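Let me begin by presenting the structure, written as structure tokens, before commenting on it.
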Amino acid sequence: MAEPRENLNELISEAAVNKRVKEIAADISQKYNDETPILIGILNGSFIFCADLMRAMDIDCEIDFIKVSSYTGTESKGTVRLRKDISADITNRHVIIVEDIIDSGLTIKFIRDRMQEAGPKSVAIVTLLLKPDIAKLDFDIEWVGFEIPPDFVVGYGLDYDQKLRNLKGVYCLEALESE
Ligand code: IMP
Ligand code: MG
């Protein structure tokens, strides 16, 4: 098999990602004006999106991170495990969960349920990417950057076996599908 880095097809350009992140940040800033929301980034995939989103916001905001795992390679294992919890007290806070991608929806449901148990004032979700053909959700996602086809993607924080996160756009890893 060729190297994953040689099998990339651009799906969303760096410029398109950056433009959309700024749009979402402006919308969040407007909605939470005077509220000081706390962003909860889901590690590892959302760290770049979190950083860019937060820098593009022009209101007071805080950040914390939670780490879960459900994937190895390109396969979801179907169960979500907590690897690192948040340290902040989110009781009575406006929480915005920041995800890189919603695929099956299992991860975001697990984290949303967990945040709601802590008694926040509100919980909203922002995801850069959503695979609508796969995701099964019984709640709303307030901000979706891009809806994408059900292919495995990398870049802008998303990995294939921990690599390719540093690509600036989003790419399909097509040749690996038939592995
Ligand atoms: P879900 O639980 O099936 O919705 O998957 C969510 C998590 O799986 C995301 O937070 C990603 O870390 C990972 N994931 C899902 N689809 C992809 C993909 O296409 N590329 C890279 N990671 C993915
Ligand atoms: Mg993730």
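Since the structure is predicted, the reported quantities are computational estimates derived from the model, not experimental observations. Values below: all heavy atoms of this structure, side chains included; hydrogens, waters and symmetry mates excluded. Note that ligands are numbered from 1 as they come in the structure, with each ligand's atoms numbered from 1 the same way.
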Would one find an N or O of [X], backbone or side chain, under 3.5 Å from an N or O of ligand 1?
X      : result
Ser70  : no
Gly105 : yes
Ile108 : no

Numbering the atoms of ligand 1 from 1, which are under 4.0 Å from a heavy atom of [X]?
X      : answer
Ser104 : 1 (P), 2 (O), 3 (O), 4 (O)
Leu106 : 2 (O), 4 (O)
Thr107 : 1 (P), 2 (O), 5 (O), 6 (C), 7 (C)

Restricting to non-hydrogen atoms, name the atom on Arg165 and the atom on Gly157 that form the minimum distance, rounded to 0.1 Å.
NH1-O, 2.8 Å
Consider ligand 1: state whether an atom of it lies below 4.0 angstrom from any non-hydrogen atom of Ile101.
yes
Looking at ligand 1, is there an atom of it that comes within less than 4.0 Å of some heavy atom belonging to Ile42?
no
Tell me whether Ile134 is reachable from Leu106 by hopping between hydrophobic residues (I, L, V, M, F, W, Y) whose side-chain heavy atoms are closer than 4.5 Å.
no
Assess whether side chain to side chain contact (heavy atoms under 4.5 Å, CB included) is satisfied between Val153 and Leu11, documenting all intermediate values.
CA-CA 8 Å; Val153 294; Leu11 185 64; 3.8 Å; yes
Could you check which of Arg165, Glu99, Lys136, Lys131 puts a non-hydrogen atom nearest to atom 16 (N) of ligand 1?
Lys131
Is there side-chain contact between Asp64 and Ile90, with at least one heavy-atom pair below 4.5 Å?
no
CG (Leu130) and CD1 (Ile141) are apart, to the nearest 0.5 Å, by 7.0 Å
Nearest 0.5 Å, what's the CD1-CG distance between Ile28 and Leu53?
4.5 Å
Please state which part of Asp159 comes within less than 4.0 Å of ligand 1, counting heavy atoms only: side chain, backbone, both or neither.
backbone
Below a 4.0 angstrom heavy-atom separation, can you tell me which part of Leu158, side chain or backbone, both or neither, approaches ligand 1?
side chain
When the ring planes of Tyr160 and Phe152 are compared, do they come out parallel, tilted or perpendicular, using 30° and 60° as the limits?
perpendicular
According to the interplanar angle, ranging from 0 to 90°, do the rings of Phe49 and Tyr156 count as parallel (below 30°), tilted (30 to 60°) or perpendicular (above 60°)?
tilted
